[in-house]
Amino acid sequence: MTFKTKLLLITILPLIAVSILIGGTTYYQSREMIDAQTRTVEQRILSTKRQEIRNYVSLALTSIEQIYRDEPGGREAAQARVKDILQHLTFDYDGYFFVYTLDGTNIVHPKLPHLVDGNWWELQDANGDYVIRNLIEAARAGGGFHQYVWHKPSTGTVEEKLGYAILLDKWGWMLGTGLYTDDIAREVAAIHSDIARSIRQTLLVTFIITLVAIVVAGTLIAGVRFSEQRFADSKLKELTNRIFQVQEQERKRVSTELHDSISQLLVSVRYGVEMIHSEAGRAPDLQAQAAKCLTTLDGTIAEVRRISRDLRPSVLDDMGLSAALGSLGKEFQNQSGIVVNVTADQCHTRLAEGAKTALYRVVQECLTNVARHAGASEVTISLKVGLHNLILSVDDNGVGLPRPLPRSGGLGFRNMRERIETYGGRLTLSRRPVGGTRIRVQMPLDKRLASAA
């Protein structure tokens with residue numbers, strides 16, 4: 001065996017072995033990462049649905065609270081009124097409320113009227129689960145969730161459903177509602193598919209690079225180094241960007257549900273209470289109670305709208321980044337008492353929607369940090385749009401950064417930096433000469449969008 005052959009084998013064999021090892025390690029670690037990420041997304045979405053269900057049940061209780069408590073016209077009349085309210089109280093496409101007595105007899109079901117007046121204590125779903133019995137047990141235990149399969153009205157199919165039941169103990173009723181969870185499986189499957197496709201691409205690229213390296217080593221008897229860390233960082237940024245996108249999509253969906261569904265239902269309830277207030281002139285106690293309910297409803301409507309706006313501000317989608325920053329600054333000033341000065345140029349169509357969202361979230365995170373840590377009395381937000389770049393700065397006159405200056409900042413700062421770097425921007429953290437902290441973002445404008453405009 002010649003020296004050149006030995007050198008060739010010494011060069012190629014370790015390269016092949018290392019390539020196989022890297023490919024196998026990447027594959028198995030990526031599979032674990034897929035499972036971890038999909039479980040995290042699934043739990044987050046499921047947690048959001050649980051909170052939605054609790055909110056819907058709270059809405060229903062608010063609608064019937066006075067009738068249930070005071071029983072105007074007697075118990076039978078009050079129960080009839082509550083049945084009528086719950087029969088017509090729906091949400092979303094497939095959202096409704098149902099009521100069973102504690103022996104399993106249905107007395108309210110808007111979507112499946114053939115169940116009414118029937119006893120369904122022994123009813124089992126396709127998996128053998130005693131649905132009504134378990135819901136009643138959850139209600140008796142102080143209210144709780146139960147997962148089962150049930151008929152979905154909008155599709156006519158049987159799907160997984162997350163139900164929640166509470167006990168109206170004075171009347172011996174179980175009141176419940178739920179949300180179908182088949183969309184969670186679809187979304188998790190889509191995320192799983194995207195990450196799996198990314199893994200396959202990674203393995204394919206690794207294989208191609210190995211082949212090229214072997215050819216180069218065979219012809220030049222030279223070694224080729226491959227930076228696995230850099231490649232992994234690139235893929236990790238893609239995954240992080242995907243997670244941010246999924247998060248924004250989920251925030252937008254929940255914000256829309258709050259604004260278009262719960263908020264509208266609360267407004268409808270308010271009209272009813274306002275009518276009661278206007279008609280209760282001869283009953284001062286009832287009029288005072290109605291006025292109290294109106295005040296509570298006004299506060300609840302304002303809180304729902306605030307939560308919806310925090311999740312996904314509609315002004316960002318409707319009027320653009322400049323108006324959204326102004327609205328954010330004004331709201332922060334009203335809530336914290338810290339003076340906020342906003343100067344923002346219009347971006348028009350020169351910035352992608354994802355980049356606008358990233359800049360808005362960065363400013364939102366900066367203001368949160370100012371309120372928590374800075375001890376500032378004034379904040380200045382500036383957005384300047386040039387020919388090819390924009391510069392965003394957030395300055396406060398607070399206590400400033402600790403010494404020595406942290407190299408990477410905390411988790412919030414890393415999240416901000418990753419958001420900006422996704423769109424080719426650069427984020428820096430520094431002390432102001434006159435005291436306080438400055439966050440500065442420089443981001444390139446999209447030339448294609450600018451030319452289209």
Ile420 vs Leu359, test: side-chain contact (heavy atoms from CB on, under 4.5 Å). Steps then yes/no. CA-CA 7 Å; Ile420 296 304; Leu359 290 170; 3.9 Å; yes
Kindly give the heavy-atom pair with the smallest separation between Thr181 and Lys161, and that separation in Å. OG1-N, 4.1 Å
Show, in sequence, the C-alpha distance, side-chain angles and deciding distance for Arg69 and Gln66, and conclude whether the side-chain hydrogen bond (donor to acceptor under 3.5 Å, both in side chains) test is met. CA-CA 5 Å; Arg69 183 184 64 247; Gln66 183 179 358; 5.4 Å; no
Give a yes or no on whether Asn127 atom CG has more than 12 heavy-atom contacts from other residues, nucleotides or ligands under 6.0 Å away. yes
Kindly indicate, with the supporting measurements, whether the criterion side-chain hydrogen bond (donor to acceptor under 3.5 Å, both in side chains) is fulfilled by Thr157 and Thr155. CA-CA 5 Å; Thr157 58; Thr155 62; 2.7 Å; yes
Parallel, tilted or perpendicular: which fits the ring planes of His109 and Tyr96, with parallel below 30° and perpendicular above 60°? tilted
Using a 6.0 Å cut-off, check whether atom CZ of Arg54 has over 12 heavy atoms from anything other than its own residue. yes
Measure from the side-chain N and O atoms of Arg140 to the backbone N and O of Leu167, and report whether any donor-acceptor pair falls under 3.5 Å. no
Determine whether a donor-acceptor pair (N or O, by modelled atom type, separation under 3.5 Å) exists between the side chain of Trp120 and the backbone of Leu115. yes
For Ala376 against Val370, the heavy-atom pair lying closest together: CB-CG1, 4.1 Å
With a cut-off of 6.0 Å (strictly less than), are more than 12 heavy atoms of other residues, nucleotides or ligands near CD of Glu122? yes
With a 4.5 Å limit on heavy-atom distance, are the side chains of Gln333 and Val339 in contact? yes
Looking only at non-hydrogen atoms, find the nearest pair between Gln124 and Gly128 and report the distance. NE2-O, 3.1 Å
Check each of Phe91, Phe97, Tyr164 against Tyr56 using the ring-ring contact (aromatic ring centres under 6.0 Å, His included) test, and report the only one that passes. Phe91
Validation row: Leu61, Leu168 side chains within 4.5 angstrom (heavy atoms): yes
So NZ of Lys356 and CE of Met443: to nearest 0.5 Å the spacing works out to 12.0 Å
Minimum heavy-atom separation for Ala344 and Ser322, please, with both atom names. O-OG, 3.1 Å
Please report the closest heavy-atom contact between Leu135 and His146, naming both atoms and the distance. CD2-CB, 3.8 Å
Take a 6.0 Å sphere around CZ of Arg426 and say whether it holds more than 12 heavy atoms from other residues, nucleotides or ligands. no
Heavy-atom nearest pair, Tyr148 first then Asp125, reads CB-OD2, 3.5 Å
Under a 4.5 Å cut-off applied to non-hydrogen side-chain atoms, are Trp171 and Glu71 in contact? yes
Are more than 12 heavy atoms from other residues, nucleotides or ligands located less than 6.0 Å from atom CZ of Arg372? no
Looking at Lys292, is its backbone amide N or carbonyl O close enough to the side chain of Thr296 to form a donor-acceptor pair, meaning the two atoms are under 3.5 Å apart? yes
Could you state the interatomic distance from CD1 (Ile136) to CG (Asp103), rounded to the nearest 0.5 Å? 7.5 Å
Test item: Ile67 and Ile85 side chains (from C-beta on) under 4.5 Å apart, heavy atoms: yes
Strictly below 4.0 Å, N to O, side chains only: are Asp182 and Lys152 in salt-bridge contact? yes
Where does the angle between the aromatic ring planes of Tyr100 and Phe98 fall among parallel (under 30°), tilted (30 to 60°) and perpendicular (over 60°)? perpendicular
For the pair Asp395 and Arg438, find out whether any cationic side-chain nitrogen is under 4.0 Å from an anionic carboxylate oxygen. yes
